[in-house]
Amino acid sequence: MKSQNILIIDIGNSYIKIGLYEKNNDKSKKIVLIKTNKEMLLQEAKKHLKAFSSCNVSCSILGSVVPDLKKVFEEAIISVFNIKPYLINKDTKFSFKLDDCVRNEIGEDLLALSEYCSQINKNIIGFSFGTATASVFLFNNKLEGVFILPGISFGLNHLVNKASLLEEIEVKTDSNLLYGNNTKQALEAGINNLRRGVVISSYYGTQKQYKINDLKCLISGGEASSIDEVEFEYIVDKEAILLGFKKIYLQNN
């Protein structure tokens, strides 16, 4: 008997991530990353989904921070798989608590990140390093708050565009350098220190302000990377948001 698979689509401002998972297995079977085209038409969306047409897709959840593309992919899923995707709405149940004002303000990707975090611990900071760098904080299993700042690659690309001498340099965003001896290494060290600084400052600041002894830490997103020489434990899982969407689907179906 073929396994039943859930198709998960996360539409971001820079990339669309499509993941295929078995309902009872959190290990992805297939992930496709597509650069976001905010003018994408139905036929193109269907073309991307047809790569999964032989995968026995039985259900789907669709999350998006781009409203127009959400409608396009909803129609594409119905057309290709003959199923209606689950969409997060005012009646959606989560494993964590949150106020209505917070719920109405943050993106569906951060709701998914919060859902994933809630499965780990009741007190946890979750970081998403993508187009934006975002963090969610759950305190006693309630979404206490969020912060958002420009993403690492976004800032790097802006710097390169402004500084003509940097145009030919290829920079790794997962370096663990603290300092560099040339321009390339200096940029890589700067990225590493920026990521480390955000995680370490947020972790210890939150721990001190809220007096939490069991604070956990999750690092996710396309720019996620290990943080060297810290005294607290953390988890790196680049699929956390997709898995959060999956958990939201299972919670509500």
Exercise for the section: Could you tell me whether Asp91 atom CG has more than 12 heavy atoms of other residues or ligands within 6.0 Å of it? Expected result: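 Correct, the count exceeds 12.
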Handout entry: Neighbour count above 12 (heavy atom, 6.0 Å) for Asn253 CG
Key = yes
Problem - Test salt bridge (charged side-chain N to carboxylate O under 4.0 Å, His left out) applied to Glu74 - qualifying residues, sequence neighbours left out - result: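 Listed in chain order: Lys84.
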Distance in Å, [X] [atom1] paired with [Y] [atom2], rounded so as to fall on 0.5 Å steps:
X	Y	atom1	atom2	value
Lys23	Gln4	NZ	CD	5.0 Å
Asp68	Met40	CG	CE	12.5 Å
Leu215	Asn121	CG	CG	8.0 Å
Ile125	Leu218	CD1	CG	10.5 Å
Ile18	Ile9	CD1	CD1	5.0 Å
Ser28	Glu22	OG	CD	11.0 Å

Problem - Leu143, Ile148, Ile241 screened by side chain to side chain contact (heavy atoms under 4.5 Å, CB included) with Leu110, the one that passes - result: Ile148
Practice task
Give the C-alpha distance, both sets of side-chain angles, the deciding distance and a yes or no for side chain to side chain contact (heavy atoms under 4.5 Å, CB included) between Asn13 and Thr36.
Solution key: CA-CA 6 Å; Asn13 284 305; Thr36 300; over 6 Å; no
Exercise for the section: Determine which pairs satisfy side chain to side chain donor-acceptor pair (under 3.5 Å) with at least one residue from residues 98-107, sequence neighbours left out, and list them in order. Expected result: Asp99-Lys142
Exercise for the section: Look at the side chain of Ser202 and the backbone N and O of Val199, then say whether any donor-acceptor pair between them is shorter than 3.5 Å. Expected result: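 Such a contact is absent between Ser202 side chain and Val199 backbone.
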Ring pair (Phe, Tyr, Trp, His ring centres under 6.0 Å) contacts touching [range] (sequence neighbours left out):
range	result
residues 47-84	none
residues 218-253	Tyr203-Phe232, Tyr204-Phe232
residues 101-132	none
residues 206-229	Phe137-Tyr210, Phe139-Tyr210

Hey, can you pull the donor-acceptor pairs under 3.5 Å for the side chains in residues 57-66, sequence neighbours left out?
from: Ser58; atom 1: OG; to: Asn5; atom 2: O; distance (Å): 3.2
from: Ser60; atom 1: OG; to: Leu7; atom 2: O; distance (Å): 2.9
from: Ser64; atom 1: OG; to: Val66; atom 2: N; distance (Å): 2.8
from: Ser64; atom 1: OG; to: Val66; atom 2: O; distance (Å): 2.9

Problem - Distance-minimising heavy-atom pair for Ala224 and Ile219 - result: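 Nearest heavy atoms, Ala224 then Ile219: CB-CG2, 3.9 Å.
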Problem - All pairs passing salt bridge (Lys or Arg N to Asp or Glu O under 4.0 Å) where residues 34-61 contributes a residue, at least two apart - result: none
Problem - Lys247 and Asp26 ion-paired at < 4.0 Å - result: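 Salt bridge flag = yes for Asp26 with Lys247.
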Handout entry: Charged N-O contact under 4.0 Å between Glu75 and Lys71
Key = no
Handout entry: Residues which pass side-chain hydrogen bond (donor to acceptor under 3.5 Å, both in side chains) with Lys70, listed by chain and number, not counting sequence neighbours
Key = Glu108
Practice task
Under the ring-ring contact (aromatic ring centres under 6.0 Å, His included) rule, collect the residues that match up with Tyr86, sequence neighbours excluded.
Solution key: none
Problem - Other cluster members, Leu33 - Ile/Leu/Val/Met/Phe/Trp/Tyr, side-chain contacts below 4.5 Å - result: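 Leu33 shares its hydrophobic cluster with Tyr15.
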Under 3.5 Å, sequence neighbours excluded: what are the donor-acceptor pairs made by side chains of residues 190-198?
from: Asn192; atom 1: ND2; to: Asn176; atom 2: O; distance (Å): 3.3
from: Asn192; atom 1: ND2; to: Leu177; atom 2: O; distance (Å): 2.8
from: Asn193; atom 1: ND2; to: Leu178; atom 2: O; distance (Å): 2.9
from: Asn193; atom 1: ND2; to: Ala189; atom 2: O; distance (Å): 2.9
from: Arg195; atom 1: NH1; to: Thr173; atom 2: O; distance (Å): 2.8
from: Arg195; atom 1: NH1; to: Glu223; atom 2: O; distance (Å): 3.1
from: Arg195; atom 1: NH2; to: Thr173; atom 2: O; distance (Å): 2.7
from: Arg196; atom 1: NE; to: Asp228; atom 2: O; distance (Å): 3.4
from: Arg196; atom 1: NH2; to: Asp228; atom 2: O; distance (Å): 3.1

